[in-house]
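The next block holds one structure in the form of structure tokens; read it before the comments.
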Amino acid sequence: MPLNNSVENTGELASLIKGDVLKDAYSLGLYATDASIYQITPIAIVLPKDDADVRKAISWARKNKVSILPRGGGTSLAGQTVGSSIVLDFSKYMNETLEINQKEAWVRVQPGKVRDVLNEELAPLGLHFPVDPATSSRANVGGMVGNNSSGTKSIIYGKTVDHVLEAKVLLSDGTLMHLHNNTPEELTTVANQTDREGEIYNSFKKIIKNNKNLIETKFPKVMRRVGGYNLDEFIHTDHWNLCKLITGSEGTLATTLELKLNLAPLPKFKSVCVVHFDALLDAVGAITPILEFKPSAVEILDKIVVDLSRENLTTRRHCHFISGNPEAILIVEFYGDSLKDVMDRPMAMVKDLQEKGLGYAFPLFPQGEEYEDVWVVRKKGLGLMLGIKGKKKPLAFIEDAGIPTKYLKDYIDRTLQICKKHNTEVAMYAHVSVGVIHVRPILDLRQEVDVKRLERIAEDTFNLVMEYGGSWSGEHGDGLVRSPFNERFFGKELYQAFIQIKKLFDPENLMNPGKIISNQSISENLRYGAEYKDKPVDTEFLYKSEQSFQESVHMCTGVGECRKLLGGTMCPSFKATRDEEHSTRGRANALRMAMSGQLDEEGLTSARLQETLSLCLSCKACKSECPSNVDMAKMKSEVQQLYFDKHGPSIRDKMIRDAPKVARRFAGTLSSTINKIQSTTAFKSGLERIAGFDKRRILPGYAKEPFYKWFHKNEINLLKANKKVVLFADTYLNYHEPEIGKDAVKLLNDCGYEVIMANVGCCQRPKISHGFLREAKEAGQVTIQELVKYIDQGMKVVVCEPSCASALNDDFPDLLPDEELAKKLKENILMIDVFLNHEMTKGTLNIKLKAKEGKLHVHGHCHQKALYGTQAMKHTLGKTEEFNEIPSGCCGMAGSFGYEKEHYELSKKIGEEILFPSVRKLPENASVAACGFSCRHQIDHFTGVKAKHWVSCVEVIKPEPGNT
């Protein structure tokens, strides 16, 4: 049946569905890509609320001859989740855990359940779903089943197919099937039924029987094999479970509605040893002796990934275990029933490797903070590699080969030679324990010559895989990238069996066509091709590290780390809405398509694009937590400037821009009157009507005496010393909360520093974050030049407000062409806690701090966590048990965001994710620290707790009498 790729009456579909139906150009564009090299615009997006919605959507699709594409997190590396179809996105609503059976160790879930979220629920029961792909923080279980995912621990846990017990699936004709293990007797009974189910079982039995010998000979004899359909699961057993066929079928046979999964006990003890090598092939060759010590995982990272890990803002904090300058490292993990076991085995392994002359460093860590650091670096490896700066990127197309480990060293050597023959560099990482090293040729598919290289490298490598008896699809699946090779890989006869199975389950070819059974070449439907062109963009930021605004946009590769639901801060709006449009990936895709003219005539000045960017809180978390370091806050400001240039700013935009100027005017003698007026119902209602600031909020009050005036009055009484430090008098500290400035001065004085106040103007954060970049650059030059006068005298500038620090030492350096000046700002403007910690670490400050009121509960400001970390606050304390960091993500305020009427509820929802409940659970009168001005106001507004700045919560430990 020919499919209909242009459907006009999607409005009828929307009327049938309780969930969301998206059909505008922007939404379709966001779902046109995944983490692969492909792009195909879908027909509509359905986010079903329940099974009934799925049934209605599939019924509508069949009636209109439209194909169906089930999708979860959209992190496919092979292009499984793009197509000209109705996309069923299960991630937003159908993500519940339905039943947990602890005694029998199984769980029932909906397909949109995120793997790591599931395991967080299971952990208190001592259980976990053990399949762990690198994308586990956002991978939906339904997608893992569709792809037959595996991951780092497959050497002991196998693949997803080994853990799927039952499945409720819906066929494209509306048939509902409950798949489970069948005894021979049950199999005979169901095959004799005269209904659709009976037809499927009966015909499937015949296909397996007729092709048994081919299946035995043609399927590769490696554990990591996910290509084609899993027919080899049915030839050595008389107990059949069609779940094993659905697993790995990439949505081409049925839509999964519910899954019953096998669980495994959590390991009792763990350790990890990191083996360093001077030569890449030595690392690959070491796998055979290492496997004799029965590790749970062996992962390889090459020099490119190691070096990127040391540079990335997030991962570099975890790279302490890397010694010297290795060409490759092997991360070797051990599970066991005792600490002795998981330490003895790796130590024996190290001795064996040393005797064989393999490796030069072998740091070993039991489970704990250092152990977790190693795995953070490994898990980020894929995204880090994809985020290589420049036009060329490491691409996924030959990376998924599974090779018998005895041939792995030779295979990698010859693969590198193939890439060298085609003048192509490579990066690599992944599962050396099972013969799956992800080799990524580095290409720019916007160049025709590199498209040809992709085709030739794929062809040469495919032949090499065949020669070694390996698997062409080791874990990432067939999708659009490897399906074109399936007929040659499995042979014509077995490929015909695949076609028969496809027709048996999906006779009208509605389910995700083009995957497994191919209808395109490897180089069709590329996201980037030789015809791809970006329109020129005049920018205010210089994009020094990214190389241009365009390349900054292209740094997003679609791996979807921004869709994680647990841990970190990125992306606060996605965590609250679960909408693709409000993930960093969604925004980057919108920018790319707008920039290349694929959406509307207005491009980057489109009002619809502003809508897409509107829920970006400019938290900067993506700059550090995104493996590719996509700085969406910077790009949002740039696009806002372009929008203002064409359409002009609103009244509210101007009010935010001018907030520092207003603060200077209203602080002091006018403050009492202004503060009273601001708190009245009439004022708040009027402000909401005129400027859209929510009337439930009260604008920040102004100080009776600005900080700078207090400082000048009291300067004569303050400490004079040889050690001097400059305190930046930011707008918040100066005109709203001068007590923070006073506490900062006291803390620095008590540490032995003379404080020089720099009352030199605003850092320009309001202008930078709201798109007034030219004005920020012009006005900020005065502030910068005044600060540099102090820096040139050898003094450091310390800042109390994180968003001011980030404006001065992160944003401004990329607005200034003067590289020397930019370097001075980056190196000499510091958060106050970071400064004190540096001084202590250097040994120039021999004091310790303590919390004034017992245990200190800390919420980190987003910019603080993203750019500087919160560990400095902890490390300065004499007793680190006095420090408790709330794993709070974003507070939801984000400057003016939480004040804006249309964002008030979302602002609240973001805070309610973790922060507000955590604060409410604290003991009464607990000491809560939050360095961000916005954070303190948000916490107060929704919990009634008065958080203080860190400088107000700590003091210098005084020496005991008689001690010095």
Side-chain angles (χ1 to χ4, degrees), residues 569 572 617-620 633 655-664 666-667 671 674-675 678 693 697-704 706-708 727-744 759 761-770 798-808 810-811 829 831-833 858-868 870 873 886 888 890-900 903 907 910-911 915-916 919 928-953:
T569 301
L617 281 74
S618 297
C619 67
K620 287 188 177 282
M655 288 181 67
I656 295 166
R657 175 195 64 188
D658 296 336
K661 188 189 301 183
V662 172
R664 286 196 299 274
F666 287 167
S671 62
I674 297 296
N675 292 343
Q678 285 187 165
F693 289 111
R697 299 277 192 181
I698 299 177
L699 294 182
Y702 300 99
K704 290 182 180 179
F707 169 70
Y708 76 91
L727 175 63
F728 177 68
D730 65 72
T731 298
Y732 308 110
L733 176 156
N734 223 349
Y735 303 112
H736 294 285
E737 297 180 344
E739 62 274 12
I740 292 173
K742 299 171 189 176
D743 289 338
N759 184 32
C762 178
C763 68
Q764 307 303 314
R765 167 53 63 206
K767 292 188 181 77
I768 292 171
S769 289
H770 289 84
V798 299
V799 185
C800 291
E801 173 60 39
S803 63
C804 296
S806 64
L808 295 169
D810 182 61
D811 291 308
I829 298 178
M831 282 288 297
I832 187 168
D833 56 296
V858 176
H859 162 71
H861 182 281
C862 290
H863 289 198
Q864 185 178 19
K865 288 185 282 195
L867 302 177
Y868 318 116
T870 55
M873 291 189 288
I886 302 168
S888 47
C890 177
C891 74
M893 178 63 94
S896 66
F897 182 89
Y899 284 94
E900 295 161 5
H903 297 147
S907 171
I910 291 170
L915 177 60
F916 302 160
V919 170
V928 178
C931 291
F933 179 82
S934 295
C935 304
R936 293 191 295 277
H937 283 252
Q938 180 82 328
I939 292 169
D940 181 17
H941 182 78
F942 284 112
T943 72
V945 172
K946 306 289 185 185
K948 299 178 181 178
H949 193 286
W950 176 79
V951 297
S952 303
C953 297

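Atom-to-atom distance recorded for Met893:CE and Cys935:SG is 9.0 Å, nearest 0.5 angstrom. Here Asn734 contributes atom CG and Glu801 contributes atom CD; the two are 13.0 Å apart, rounded to the nearest 0.5 Å. Distance check: Phe897 CZ to Ile910 CD1 gives 5.5 Å after rounding to the nearest 0.5 Å. Note that the NZ atom of Lys946 and the NE2 atom of His937 stand 9.0 Å from one another [nearest 0.5 Å]. To the nearest 0.5 angstrom, His863 atom NE2 is 9.0 Å from Cys890 atom SG. Atoms CD1 and NE2, on Ile740 and His949 in that order, are 5.5 Å from each other to the nearest 0.5 Å.
Between Pro706 and Pro738, the shortest heavy-atom contact is C-CB, 4.4 Å. Of all the heavy atoms in Phe728 and Cys763, the pair that sits closest is CZ-N, 4.0 Å. Residues Ala866 and Lys620 share a closest heavy-atom pair of CB-O, 3.3 Å. Of all heavy-atom pairs between Ala744 and Val951, the closest is N-CG2, 4.0 Å. In this structure, Leu617 and Ala894 approach most closely via the heavy-atom pair O-CB, 3.5 Å. Smallest separation of non-hydrogen atoms from Pro660 and Thr731: CB-OG1, 3.8 Å.
Residues Asp811 and Lys767 are not paired through a salt bridge, judged by the lack of any N-O separation under 4.0 Å between the basic side chain and the carboxylate. A salt bridge links Glu737 with Arg936: the closest approach of a Lys/Arg side-chain nitrogen to an acidic carboxylate oxygen falls below 4.0 angstrom. A salt bridge is absent between Asp743 and Lys948; no separation between the charged side-chain nitrogens and carboxylate oxygens falls under 4.0 Å.
Judged by distance alone, the side chains of Glu900 and Ser896 do bring a donor and an acceptor atom under 3.5 Å apart. Residues Arg697 and Gln678 have side chains that never bring a donor and an acceptor to within less than 3.5 angstrom of each other. Judged by distance alone, the side chains of Glu739 and Ser952 never bring a donor and an acceptor atom under 3.5 Å apart.
Contact annotation: the side chain of Tyr868 approaches that of Ser806 to within less than 4.5 Å [non-hydrogen atoms, C-beta and beyond]. Considering only heavy atoms from C-beta on, Leu727 comes within 4.5 Å of Phe707 through its side chain. Using a 4.5 Å cut-off on side-chain heavy atoms (C-beta onward), Met873 and Gln864 make contact. Contact annotation: the side chain of Tyr899 approaches that of Pro700 to within less than 4.5 Å [non-hydrogen atoms, C-beta and beyond]. Contact of the Trp950 side chain with the Thr870 side chain is not registered, since no non-hydrogen atoms from C-beta on lie closer than 4.5 Å. For the pair Val662 and Tyr702, the minimum side-chain heavy-atom distance is below 4.5 Å.
In this structure, His859 contributes its side chain and Leu915 its backbone to no donor-acceptor pair below 3.5 Å. Of the possible donor and acceptor atoms, none in the side chain of Ser907 sits under 3.5 Å from a partner among the backbone N and O of His903. Looking at Ser618, its side chain never comes within 3.5 Å of a backbone N or O of Ala633 through a donor-acceptor pair. Judged purely by atom type and a 3.5 angstrom limit, Asp730 uses its side chain to pair as donor or acceptor with the backbone of Leu733. Although no hydrogens or angles enter the test, the distance criterion places a donor-acceptor pair under 3.5 Å between the side chain of His770 and the main chain of Pro766.
Using cut-offs of 30° and 60° for the angle between ring planes, the Phe933 and His736 rings count as tilted.
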